[in-house]
Each structure stands twice: as C-alpha cells, then as structure tokens.
Colleague: 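This structure is in structure tokens; I'll ask about it shortly.
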Amino acid sequence: MHRATARLLAALSRTGSGLLIALDDLHWADPASLELLDHLVRHPPHAPVLIAVARRDRQTSASLAAALTRGVDTGAVLRLGLGPLPERDCVERLAPGLRPARAARLYAASGGNPLYFLTLLQQDGTGARSPLGGLGSLLLDELTPLTPAQRRTVEAVAVLGDHATPELLAELAPGPAGELDATLRALALRDLARSGPAGSWTLRHPVLRTVVHENADHRSLIRMHRTAAEALARSGAPAPVRAHHVEQALTGWDPAGAAVLLEAAALASATAPASSAHWLAAVLRVLPDGPRYAGQRLSLMLDRARALSVCGELQAGRDLLAEVIDTVPPHDDSGLRPAAVTLCASLERHLGRYARAEALLRRELSRSPAPPPADLLALGIELGSSAPHSTPYPTVRADVLRTRDLARRLGDGAAEADALALMALGEAYEGGLDAAARYADRADALLETLSDRDLALRGESRARLSAASFYLERYGEAERHADRGLVLARRVGPPHILSHLLQCKANVLMSTCRLHPALELVEEAETIARGIGSPDLLALALANKAQVLLASLPPGNPESLAVAEEAAAVAGPRTSWWASLAWCVLGFAALFAGNPERARTAMLRAARPDLSGLQPSMRPLFLEVLVTATVAGGDPGSADGWAALATADAQRLGLPTQRASALRSTAQLLAARGRTAEAAEAYARAAGEAARSGATLWEAQSLLLGASLAADGPAEAMWHRGRALAESGGAHLLTGFADLIRTAAPAPPPPPLPGLTPREREIAALVAEGLTTSAIAARLHLSPRTVDTHLSHIYRKTGVTTRSALAALTARAAQAR
C-alpha cells in the first residue's frame, strides 16, 4: 500500500508542474498515516513531489521524530524552525483595524503564536488573561451557545462515534418526543453535526469529537457509555463493537463487563492483535489482586503477551512473560509456566538474545518434575530454533532429534513437521545436504496433511523449509514454501515471521535474476524489522537489501555499500548466523565499490580465524570474495589457499551454484597469471553450472566475466547471452559491466579509459602487463598503499572489480588507439 501510494503521488505530480501536499498538525496523525510518511521519507518518490508538514515538537511521538530525523540525515527532509509571527503581520492578517494599544497587549500575551492571538482576541473582555488550550478552546467556544439538550446530544454523538443512530441517541440523550429531530437540525445548521448513511450522525471532525469527549462531565460520560453498551447488546452487536463502551464505563471490577472485553479480545486475537492486547490490558487494570484471581491474572498476562508478540511488540511481550515466569512456581501443573517460557524464549530469540533464550529453555527442560510431553515438544522445538544462532547446529542436533522422536510417539504430525523443518534447515546450513533434503521432503509431506488451523501456526516452519530449499538450490520449492507462508503470515502474522518469509522469497528472486520484485520484498522486510526493534532481524534485512541493490544498481552507485555498512554496524560484534551474513555482504559491496582491502577485512571478520563464521553450504561463494579481493590487491599467491578450499568444498557439496563460485575463483587466479584462455574456459564452465541450478544472476555474471577474456568468437556469444540475461532480470550492475567490456560493437569505441588521471592510466597499463602491486610500486617509486589507493579509484571509475577485467579493458583501450 505504501509503494502504491508513492506511485500515485508520482503520477499526480506529472499531471502538472508538480505536487505539493500540506499536512498541518502532524502530531495528531494516526499511526498508519505516520507509517506511510516514514516510508515516503525513506523512499522519496522519483518525481516532483513536495510534502510540507507542520507539527509541535513536544507533542510529536518518538517514532515520527525518528523518521524525520533520519530524513534530515539523508537529505530527504529539510527542517524549518518556525519563530513567532511578527506583530505587524499578526495584527494585519488576523485582526485588521484593531486599536494599536489593544493589538500590542494581545500580541504580547500570545507570544507571536497566531492561534493563541485569535483565542485571546475572542476571549478579550471575558476576563480570561491567558490562552486556555489553543484549538481546543476555539472548538469549545462553539459549544457555548448550545442549549442543554443540544449539548447532551453533541456529547452523545461523540460517545457513539460511528454508531450514532437516532435510536441510540434517543437512549443516551432522552427528551420529549420530536426534540431530538429538532436538536439534530439545529446542530447541522451550526455545522457541528453532519448526517451520514442510513440515518447516522457524526461530528464535523474527529478533533471536535475528541475535544467534546474530553470536556464532558465524567459521570455523564460513564452513564452514556454504559447505556450505549446495554443498547448495543440488546440489538445483538458483537463484543468488539460493545467493548469500547464497556471499557469506558468500567469503574471497578465487573465480571459481566470483563466477559465482554475478554470475548472481544479473543475474537480480535487473529485479525487485530493490538486491539486484543488493549482489551486484555483493560481487564487486567480492574481485576482484583489476591489469591482468588491470581491464576486468572497470570493466564491473562500470558494471553496479552501472545497478542503483543503477534503485533510486533516483542519487548513489551517479553517483559510481561518474565513477570509470569517469576510468579509461577516450578511445580505448577497448570501449564502456564512452560507456555510462558516457550514464548519468552521465542521473543528473546527474535530480539537477538540467543544465549538468554537457550539458558531459559534448558533450565525449564531440566526441572523436576519434568514438564508434560506436550510442553516438552514445544520447549524442544524452541530450543532447536534458538540454540543454532549462537552455537553450531551439531551441538543441538541430538536435542532436535529427540524432539522429533517424541512428536512421532505422541502422533503429533504438526510438531513433527516443525522439528523436521528445523532439522532440514540446520543440516542444509551445515552442508549435510542429503539429510537436509530427506527432512525437507518429509516435513513438506506432513504440512500437506494439516488442517488450515494448524497450518496458520506453521509460518516459521514454512520459512525454514524455504531457506533450506534455497541452500539446497531447489529454487522452485523455496519459492513455493515462501509463497504459502506469506499467504498465512499476511493474514495472521506475526510480523517477524512475515519479514523472514519476505526475505526468503527475495533471495530466490535475486538468484534467479528477478531483481525488481526482490527489491520490493526486501524493502517491506526492512520496514517490519525496523518497527520490531530486533537488531539481528534488521541486520539480516539490510544485508539482503544490500545484495539486491548491488545487483540492481549500475556500477559506481554507492547506495548498496551504504546499506551494507549499516547492516554490519547494526550486527556489531555479534557472531550469529545473520551477523556473519551482514559482514559477508559488506565484503561483496566493498569489492564492487572498488575497495578490495575493505572487502577482504570484512570477509575475514565474518569468517573468524577458523572459518567457522562462514556458512558451510555456501562457503565457496563467500571464499570467492576473498579470492577476488586478494587478487585485486595484487597478491594472487595468497589467494591460492582460498581457491583450493573453495574447490574442495564445492566438490563435497555437489551444488552447481557453489561449483560455479569455485570455478570463478580459479578463473581469477588464472587470469592474474596471464592464462586468459584457461580463465575464459573456467568462466564458461561456471556459467554452465549456474544455469543447471537456475541461478540466472550468477550465470550472467560468469558469462560476462568470461567474455572479457575469451577469444573474439566465443566472447561475442558469451557477451550477448550474459547481457540479455542481465537486462531481462534488471541486473543493471551487470549490464553496465557488459557495456564496458563489449567486444562486438559496430560503433567506434569510446575514448580510452575515460575519466582516469594520467597516473591512474599508467597504473592500469602496468596491471595489464601482469605486474603485482609491489612491482608497480617499485617501478613507479610509490608505496604499495598509494598504488592500492589509485587502484580503488580506477575500479570505481571504470566499473570493473578485478585485475583481470581491468587488464582486458586496458588492452581494448590500447587497441582502440
């Protein structure tokens, strides 16, 4: 919806000379409008659109202030501090003809605020000496002339809101026959009330309704809300419709009223979790303390924590659950404790606190007496979900296997599917591909037998199967699992699972070179992650976004590197799966930005000394960055070990895309040693491997790298196919690279190496001769660091990222001369 709105604004702006949207009193905006504005700040429409907003600093929510501050930092927002309106402008515009002495007195009292000036002007002579609430005072002034019956009717309309029918108004504001019709006509003439569909009535503006409601007599409001609740109940209105009035009428513990609120919370739990959490909080506020209600209080706290987790309030839900866990004794047999521990550990996990989650679960699993089998299942599945993020999957493999076996013994197919999905993902990550494929197939088969109700709770299992299938390079299955999970997650949440599923599908779309829809998905996932407040989830979303941006933006665009840097900064010193990925993606982005040393540093930071930080089933792809960065740094000999390890890993894994990565690493080393024909052949084989798995993006990249080194005939065929694949998928990085290395252009070539300084052209020529960085430094009497700096500039200006590609480009430039 946010993207559609941005497109609509852009379209409207192009119908004329541009579009100006003015939003006053933004501090009163509803949360949905603020979310839209936040999206527009982060993704400004590429069109002449200007949004001018006015707000009060002290009444601005933290989320709105943060969004606008981010916009100031990125240049999307210009902040203008408004000072007092000059006295002459204030008087001449608002009260022309006012006596100078009176005008000066009113202006001084208003402080130059035109709203306060108007308020004081209207109040002058009534004894008031200071503004009494600005706009609120102005609106209340409109109510002053009303008769008591008209005032009661206005308050009744404010209480009823969307349900202000004449029948209900007559109950809330009773009077003689015919009086209500006359009162409503009088209010309409004053433009205080307006008629709506089906004979309903509403006040002129929501702000007017708020002002009226807040300034009505408290006892009168309670009576009206109680009457409204009773009348709606007699008409058969559902609990969610009555709940607002019941809550407003509660002055203490009322079992009947609490029952309405609890029914409303239950009905809203799946579709409106924030409302569910609100109604539960209302009951908890009036529920008496004491032993008699202790169990009910704990149960309601658990239910509210569930609702908070579904609507993305992870920290608030976690804090509530911690209170439940501390209150329920270990020997309690109500089932509250294990349920609270399981959910609390899940929230800790999604907040990135994996060690805390694992400790909480293991403590509960080891308590005596042991939890019932059904609770053991839930605890075991959550342990298998949390532990692998902070420790290698093999350390928890036995725990997950026991959970799977327990689910089988209990005949719980849904729990068995959850455990198998965990096992599939863990084995696929670690490179145990045969086992991963078996577990994924079995989990998929079990999911197909579940009811819709059980499937609605399996969004995370779908995400795990999608990720496992992606690592297995079964891209069709990965997309199918993501699509099925997205249908459920968009309907019932929770948002953190939706973010995972969006990223799962985006990864498939990126690898198969469908970059525009992939970018839309990762941007939506990023928005969710920012709202949840989980550093790891945000780091993962930003890392995936950086990957998509890298492929979809033309060479030299710095946006992908900026996003990757943010991902690594958010990940910080963490060593989880996702934090490691963030640093790996930073290595990719730095390499393509022409900074091989930064790329190498980032990859080694992700890998750790024993390489345990690199995902085993994708290690050849990550090692390719190390090889390329090391070769680009002029030290191909140091890259031999990385390339050999990549080749060994690829042979062990047997995955085509990983074999393609290992072949590209080998090609880099061959080209650096002047064996260009062999390098071109390795790139061609890499393209064939990528094509076998359907990884179109990597196929196109391999073809174009090979085209830069191959003989004229094969090079032309590789270039045309590689560029066509890249262009059809929106891979502007590769189409830009293709245009730089094209081999069969009929038009005259561009000027040799345009944009390079004489020193940079000199260094490029020496690279073409096959000299290392140290040799170039000795030849030109420069330091190696200075040569590396020049190379970084050359890579950025030419759009190439490897010494072999730069050598090929330099050679063609020399031929053109």
Colleague: Could you walk me through whether L488 and R484 pass side-chain contact (heavy atoms from CB on, under 4.5 Å), step by step?
Modeller: CA-CA 7 Å; L488 296 171; R484 292 190 178 183; over 6 Å; no
Colleague: Could you tell me whether a side-chain N or O of S499 sits under 3.5 Å from a main-chain N or O of P495, the two making a donor and an acceptor?
Modeller: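 Here the side-chain-to-backbone pair does not exist.
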Colleague: Say whether, by atom type as modelled, one donor and one acceptor occur between the side chain of T5 and the main chain of M1 under 3.5 angstrom.
Modeller: yes
Colleague: Measure the CZ-CG distance between R464 and L425 for me, rounded to the nearest 0.5 Å.
Modeller: 7.5 Å
Colleague: Looking at G613, is its backbone amide N or carbonyl O close enough to the side chain of S580 to form a donor-acceptor pair, meaning the two atoms are under 3.5 Å apart?
Modeller: yes
Colleague: What heavy-atom pair brings A582 and A567 nearest, and what distance separates the two atoms?
Modeller: CB-O, 3.8 Å
Colleague: Say whether, by atom type as modelled, one donor and one acceptor occur between the side chain of S366 and the main chain of R362 under 3.5 angstrom.
Modeller: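 Yes, because the side chain of S366 sits within donor-acceptor range (under 3.5 Å) of the backbone of R362.
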Colleague: Would you tell me whether R297 and T327 have side-chain atoms, one donor and one acceptor, within less than 3.5 Å of each other?
Modeller: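 No - no donor-acceptor pair under 3.5 Å links their side chains.
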Colleague: Strictly by ring pair (Phe, Tyr, Trp, His ring centres under 6.0 Å), give each pair with a member in residues 249-296 just once, sequence neighbours left out.
Modeller: W253-Y293
Colleague: With salt bridge (charged side-chain N to carboxylate O under 4.0 Å, His left out) as the test, would you mind laying out the steps for R402 and D405 before giving the verdict?
Modeller: CA-CA 5 Å; R402 280 194 296 271; D405 292 343; over 6 Å; no
Colleague: With distance as the sole test, does R304 use its side chain to make a donor-acceptor pair with the main-chain N or O of A277 at under 3.5 Å?
Modeller: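 Yes, because the side chain of R304 sits within donor-acceptor range (under 3.5 Å) of the backbone of A277.
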Colleague: If you compare all heavy atoms of A602 against all heavy atoms of G587, which two are closest, and at what distance to 0.1 Å?
Modeller: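 Minimum heavy-atom contact is CB-N, 3.8 Å.
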Colleague: D418 versus T403: any side-chain heavy-atom pair under 4.5 Å?
Modeller: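 No, their side chains stay 4.5 Å or more apart.
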Colleague: Under the criterion side-chain contact (heavy atoms from CB on, under 4.5 Å), I'd like the reasoning laid out for V396 against D399: C-alpha separation, chi angles, the key distance, then a yes or no.
Modeller: CA-CA 5 Å; V396 76; D399 296 286; 3.8 Å; yes
Colleague: Would you please name every residue forming a side chain to side chain contact (heavy atoms under 4.5 Å, CB included) with S269, sequence neighbours left out?
Modeller: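 With neighbours one apart ignored, the set is S276.
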Colleague: A side-chain contact here means heavy atoms from C-beta on lying under 4.5 Å apart; do L581 and N544 qualify?
Modeller: yes
Colleague: Who pairs with D483 by salt bridge (Lys or Arg N to Asp or Glu O under 4.0 Å), at least two apart in sequence or on another chain?
Modeller: K505
Colleague: List the atom pairs, donor and acceptor, that lie under 3.5 Å between side-chain atoms in residues 528-543 and the rest of the protein, sequence neighbours left out.
Modeller:
residue : atom : partner : partner atom : Å
R530    : NE   : E526    : OE2          : 2.9
R530    : NH1  : E566    : OE2          : 3.4
R530    : NH2  : E526    : OE2          : 3.0
R530    : NH2  : E566    : OE1          : 3.4
R530    : NH2  : E566    : OE2          : 2.9
S534    : OG   : H350    : O            : 2.3
S534    : OG   : L537    : N            : 3.3
D536    : OD2  : Y354    : OH           : 2.6
D536    : OD2  : S576    : OG           : 2.8

Colleague: Please evaluate residues H43 and H2 with respect to the criterion side-chain contact (heavy atoms from CB on, under 4.5 Å), reporting the C-alpha separation (whole Å), side-chain torsions for both, the decisive distance (0.1 Å), and the verdict.
Modeller: CA-CA 10 Å; H43 308 287; H2 293 168; over 6 Å; no
Colleague: A side-chain contact here means heavy atoms from C-beta on lying under 4.5 Å apart; do T395 and P392 qualify?
Modeller: yes
Colleague: State whether a side-chain donor-acceptor pair under 3.5 Å links E382 with S386.
Modeller: yes
Colleague: Could you work out, with side chain to side chain contact (heavy atoms under 4.5 Å, CB included) as the rule, every residue matching R397, not counting sequence neighbours?
Modeller: Y393, P394, E427
Colleague: Any side-chain heavy atom of L383 within less than 4.5 Å of one from L365?
Modeller: yes
Colleague: Report the distance from atom CD of E460 to atom CG of L465, rounding to the nearest 0.5 Å.
Modeller: 11.5 Å
Colleague: Donor-acceptor check, side chain of T449 to backbone of L446, threshold 3.5 angstrom: yes or no?
Modeller: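 At least one qualifying donor-acceptor pair exists.
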Colleague: For Q503 and N507, does a side-chain donor sit closer than 3.5 Å to a side-chain acceptor?
Modeller: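 Side chains of Q503 and N507: no pair found under 3.5 Å.
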Colleague: Measuring only between side-chain heavy atoms, which start at C-beta, is V548 closer than 4.5 Å to L509?
Modeller: no
Colleague: Show the nearest heavy-atom pair for residues A339 and R306, with the distance to one decimal.
Modeller: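 The pair with the smallest heavy-atom distance is CB-NH2, 4.0 Å.
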Colleague: State, yes or no, whether a side-chain contact exists between L68 and R55 at a heavy-atom distance under 4.5 Å.
Modeller: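 Yes, at least one pair of side-chain atoms sits under 4.5 Å.
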Colleague: So, using ring pair (Phe, Tyr, Trp, His ring centres under 6.0 Å) as the criterion, who are the partners of F470 when residues are at least two apart?
Modeller: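 So F470 forms a ring pair (Phe, Tyr, Trp, His ring centres under 6.0 Å) with Y475.
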Colleague: Without swapping roles, check the side chain of S617 against the backbone of A428 for a donor-acceptor pair under 3.5 Å.
Modeller: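 Checking the backbone N and O of A428 against the side chain of S617, a donor-acceptor pair under 3.5 Å is found.
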Colleague: What is the minimum heavy-atom distance between G572 and R605, and which atoms define it?
Modeller: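 Shortest heavy-atom contact: O-NH2, 2.8 Å.
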Colleague: Are the side chain of S368 and the backbone N or O of A370 linked by a donor-acceptor pair below 3.5 Å?
Modeller: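 Not confirmed, S368 side chain does not pair with A370 backbone.
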Colleague: Without swapping roles, check the side chain of R242 against the backbone of V260 for a donor-acceptor pair under 3.5 Å.
Modeller: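 No.
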Colleague: Can you list everything that forms a ring pair (Phe, Tyr, Trp, His ring centres under 6.0 Å) with H27? Sequence neighbours excluded, please.
Modeller: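 Expected list: none.
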Colleague: Any heavy-atom pair between the side chains of D38 and L34 that's under 4.5 Å?
Modeller: no
Colleague: Using the salt bridge (charged side-chain N to carboxylate O under 4.0 Å, His left out) rule, collect all pairs that involve residues 260-279, keeping only residues at least two apart or in two chains.
Modeller: none
Colleague: What distance do H481 atom NE2 and L447 atom CG have between them, rounded to the nearest 0.5 Å?
Modeller: 7.5 Å
Colleague: Once you round to the nearest 0.5 Å, how far does CG of L321 lie from CD of E323?
Modeller: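 Result: 10.0 Å between the selected atoms.
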Colleague: Enter the distance from R318:CZ to I325:CD1 here, rounded to the nearest 0.5 Å.
Modeller: 8.0 Å
Colleague: Is there side-chain contact between P494 and I497, with at least one heavy-atom pair below 4.5 Å?
Modeller: yes
Colleague: Set out, in order, the CA-CA distance, both residues' side-chain angles and the distance that settles side-chain contact (heavy atoms from CB on, under 4.5 Å) for D444 and R462, then state yes or no.
Modeller: CA-CA 9 Å; D444 189 15; R462 284 291 186 190; 3.8 Å; yes
Colleague: Please name the pair of heavy atoms, one in A443 and one in A421, separated by the smallest distance, quoted to 0.1 Å.
Modeller: CB-N, 3.9 Å
Colleague: Testing R458, R442, R409, R404 for salt bridge (Lys or Arg N to Asp or Glu O under 4.0 Å) with E416, which one passes?
Modeller: R442
Colleague: For H225, what residues pass the ring pair (Phe, Tyr, Trp, His ring centres under 6.0 Å) criterion, not counting sequence neighbours?
Modeller: H213, H244, H245
Colleague: Which distance, rounded to the nearest 0.5 Å, do you find between the CG of L376 and the OG1 of T342?
Modeller: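 The OG1 atom of T342 is 9.5 Å from CG of L376, to the nearest 0.5 Å.
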Colleague: With sequence neighbours left out, write down each residue that passes side chain to side chain contact (heavy atoms under 4.5 Å, CB included) with R490, or none if nothing qualifies.
Modeller: L498, L502, E524
Colleague: Mind checking what makes salt bridge (Lys or Arg N to Asp or Glu O under 4.0 Å) contact with E247, not counting sequence neighbours?
Modeller: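 Result, salt bridge (Lys or Arg N to Asp or Glu O under 4.0 Å) vs E247: R285.
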Colleague: Name all residues meeting the side chain to side chain contact (heavy atoms under 4.5 Å, CB included) criterion together with A607; count only those two or more places apart in sequence or in a different chain, and write none if there are none.
Modeller: L611, L614
Colleague: Check L314 against S309 and note the closest heavy-atom contact, atom names and distance.
Modeller: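 That would be CD2-O, 3.8 Å.
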